[in-house]
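For reference, the structure is listed below as structure tokens.
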Number of protein chains: 2
Amino acid sequence: MRRSKKERQSLLVQTIKETPFITDEELAEKFSVSVQTIRLDRLELSIPELRERIKTVAKKTLEDEVKSLPIEEVIGEIIDVELDSSAISMLEIMPEHVFKRNGIARGHHLFAQANSLAVALINDDLALTAKANIHFTSSVKLGERIIAKAKVMNIEEKSGRTTVEVSSFVQSELVFKGHFEMYRSKNK
Amino acid sequence: MRRSKKERQSLLVQTIKETPFITDEELAEKFSVSVQTIRLDRLELSIPELRERIKTVAKKTLEDEVKSLPIEEVIGEIIDVELDSSAISMLEIMPEHVFKRNGIARGHHLFAQANSLAVALINDDLALTAKANIHFTSSVKLGERIIAKAKVMNIEEKSGRTTVEVSSFVQSELVFKGHFEMYRSKNK
DNA sequence: GCGCTATTAAGACTAGGTACTAATAGTAGT
DNA sequence: ACTACTATTAGTACCTAGTCTTAATAGCGC
């Protein structure tokens with residue numbers, strides 16, 4: 001069935017978006033026009049040729065693979081630690097930390113920064129988080145840097161159970177506050 | 001510098017693995033041999049041509065995208081959701097989730113599973129965590145599967161603020177319990 | 001020099017295009 | 001009906017990054 005030029009072109013855009021691996025010949029058949037018409041359409045709509053389309057898709061994959069490797073491992077960069085006393089770390093919010101819809105950082109990354117800082121702060125091989133009480137006071141956006149400051153509030157003599165307060169800031173604004181209770185395997 | 005055939009071929013395999021977007025001509029220059037030699041090498045080693053290599057990389061991306069669309073930004077695999085009511089997800093603890101020293105899962109991964117499940121549970125485009133009260137009741141080890149169960153406890157009429165309880169289990173043992181208070185942009 | 005492997009070259013062909021020129025079909029305005 | 005204009009189609013030369021095939025040459029062991 002023949003359609004108008006406009007109609008065909010908007011369908012063309014959609015078709016290529018859905019199935020990017022389609023050749024001009026297949027498109028010509030699909031829309032019952034000549035291959036030349038399809039090529040004129042692509043020219044007008046600035047849609048690159050099949051092989052270029054495939055290449056950009058493939059490039060995206062490679063970039064993603066490189067990116068997704070180190071992310072899970074490192075949660076912020078430790079700037080300063082005084083064991084069993086206080087510690088500071090910094091985390092820059094990158095695209096992989098945010099909700100795609102609104103560019104707001106997902107809560108668990110703020111938590112992860114604070115939690116790993118609390119763990120690093122404790123002078124023990126086997127520190128674990130037991131409880132936490134956390135508060136997200138303001139949303140953090142793509143590109144912002146979070147500075148998390150952790151402070152040991154109390155170490156119980158017998159059990160070694162340690163209370164840590166973590167406050168995270170973007171510039172001077174408080175974005176996260178957490179109260180952590182940590183286990184440790186050996187007493188201090 | 002010229003190398004023996006064997007040496008060149010093993011380097012060729014490695015080079016193509018690292019930089020799959022390399023043409024025969026570039027490879028020929030790199031190894032100081034003719035294009036034909038590179039083609040004979042690829043033939044012997046059953047390495048497909050550049051365009052085929054790009055295509056397979058791109059196909060992988062598309063498959064991944066299809067896969068990651070419904071799960072989108074959830075940590076763990078969603079098993080069941082009833083919006084604004086309850087949801088269940090599963091997370092298998094892999095080497096990247098644990099402390100290397102003792103094979104125990106880092107707390108923030110349990111939190112991330114619970115937090116993203118609470119977000120996914122809410123029938124709103126813009127759900128955010130406001131507060132959380134969490135408790136790590138037992139340590140989870142490498143290879144174990146965590147089943148997180150989330151339940152909406154209360155939705156405030158005016159603000160839409162939603163209370164979610166998440167309990168996570170390894171088999172029948174409770175490993176994590178969290179009380180989440182969530183914002184939403186539009187009221188229900 | 002003979003035999004062998006490795007390498008290089010040359011030619012014909014392929015897919016999936018680009019770039020350009022030119023012809024034709026169909027429709028609207030006057 | 002004639003003209004103007006857009007849309008479509010056709011055809012040619014050229015491109016990249018190959019394939020497949022045949023053939024020539026280089027280097028080495030013995």
Side-chain angles (χ1 to χ4, degrees), chain A residues 1-69 95 100, chain B residues 1-69:
Chain A
M1 213 229 308
R2 284 294 185 108
R3 294 164 177 94
S4 78
K5 190 180 174 178
K6 272 194 183 173
E7 202 184 339
R8 185 190 59 234
Q9 291 195 342
S10 85
L11 276 171
L12 189 79
V13 172
Q14 212 187 316
T15 304
I16 290 180
K17 201 183 251 172
E18 279 164 20
T19 54
F21 291 18
I22 195 166
T23 62
D24 288 357
E25 214 172 291
E26 290 166 329
L27 287 164
E29 212 171 308
K30 182 172 175 131
F31 293 112
S32 308
V33 292
S34 72
V35 172
Q36 283 80 355
T37 303
I38 295 295
R39 288 182 179 162
L40 277 175
D41 284 347
R42 281 200 299 103
L43 197 72
E44 282 179 31
L45 300 164
S46 320
I47 297 170
E49 60 165 294
L50 169 65
R51 288 184 294 233
E52 290 305 313
R53 296 196 302 265
I54 292 178
K55 217 183 277 179
T56 55
V57 171
K59 262 183 195 155
K60 219 175 62 188
T61 319
L62 288 189
E63 282 165 14
D64 282 0
E65 261 172 28
V66 174
K67 249 191 206 169
S68 67
L69 266 176
K100 283 173 208 149
Chain B
M1 211 233 308
R2 285 295 188 104
R3 293 164 181 92
S4 78
K5 191 179 175 180
K6 271 194 184 174
E7 203 184 337
R8 173 171 26 90
Q9 291 196 343
S10 86
L11 277 171
L12 188 79
V13 172
Q14 212 186 316
T15 304
I16 290 179
K17 200 184 253 171
E18 279 164 21
T19 56
F21 292 19
I22 194 167
T23 62
D24 287 359
E25 213 172 294
E26 289 167 328
L27 287 165
E29 212 171 307
K30 182 173 175 130
F31 295 112
S32 309
V33 291
S34 71
V35 173
Q36 283 79 355
T37 303
I38 295 295
R39 289 184 177 159
L40 278 175
D41 283 348
R42 279 201 300 98
L43 198 72
E44 282 178 32
L45 301 164
S46 321
I47 297 171
E49 61 164 295
L50 168 64
R51 289 185 292 235
E52 289 306 314
R53 294 195 304 263
I54 292 178
K55 216 182 279 177
T56 54
V57 172
K59 264 184 194 153
K60 218 174 64 186
T61 319
L62 289 190
E63 282 163 17
D64 283 359
E65 260 171 30
V66 173
K67 252 189 209 167
S68 68
L69 264 177

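Computed from a prediction, not measured in an experiment: that's the story for all the values here. Lettering follows sequence order; numbering is per chain, from 1.
Considering only heavy atoms from C-beta on, B:I16 comes within 4.5 Å of B:L27 through its side chain.
Closest to the side chain of A:D24, out of D:dT19, C:dG17, C:dA6, is C:dG17.
Checking B:D41 against A:I22, the closest nucleotide of DNA chain C that is more toward the 5' end is the one next to B:D41. Along DNA chain C, the nucleotide closest to B:K55 and the one closest to B:L40 are compared, and the more 5′ of them pairs with B:L40.
Taking atom CD1 of residue B:I38 and atom P of nucleotide D:dA17, one finds them 15 Å apart after rounding to whole Å. Taking atom CD of A:Q36 as the reference point, atom P of C:dA19 lies 15 Å away to the nearest angstrom. Computed from coordinates, the A:L27 CG to D:dT9 C1' distance equals 17 Å when rounded to whole Å. Atom CD1 in B:I47 sits about 16 Å away from atom C1' in D:dA17, given to the nearest Å.
More than 12 heavy atoms of other residues, nucleotides or ligands shown are found within 6.0 angstrom of CD on B:E44.
At a cut-off of 3.5 angstrom, counting only N and O atoms as typed in the model, there is no donor on one side facing an acceptor on the other between the side-chain of B:R51 and the base of D:dG18.
Between C:dT7 and B:T37, no contact under 4.0 Å exists linking OP1 or OP2 to a side-chain N or O.
Within the 4.0 angstrom heavy-atom criterion, no nucleotide atom of any strand lies near B:R53.
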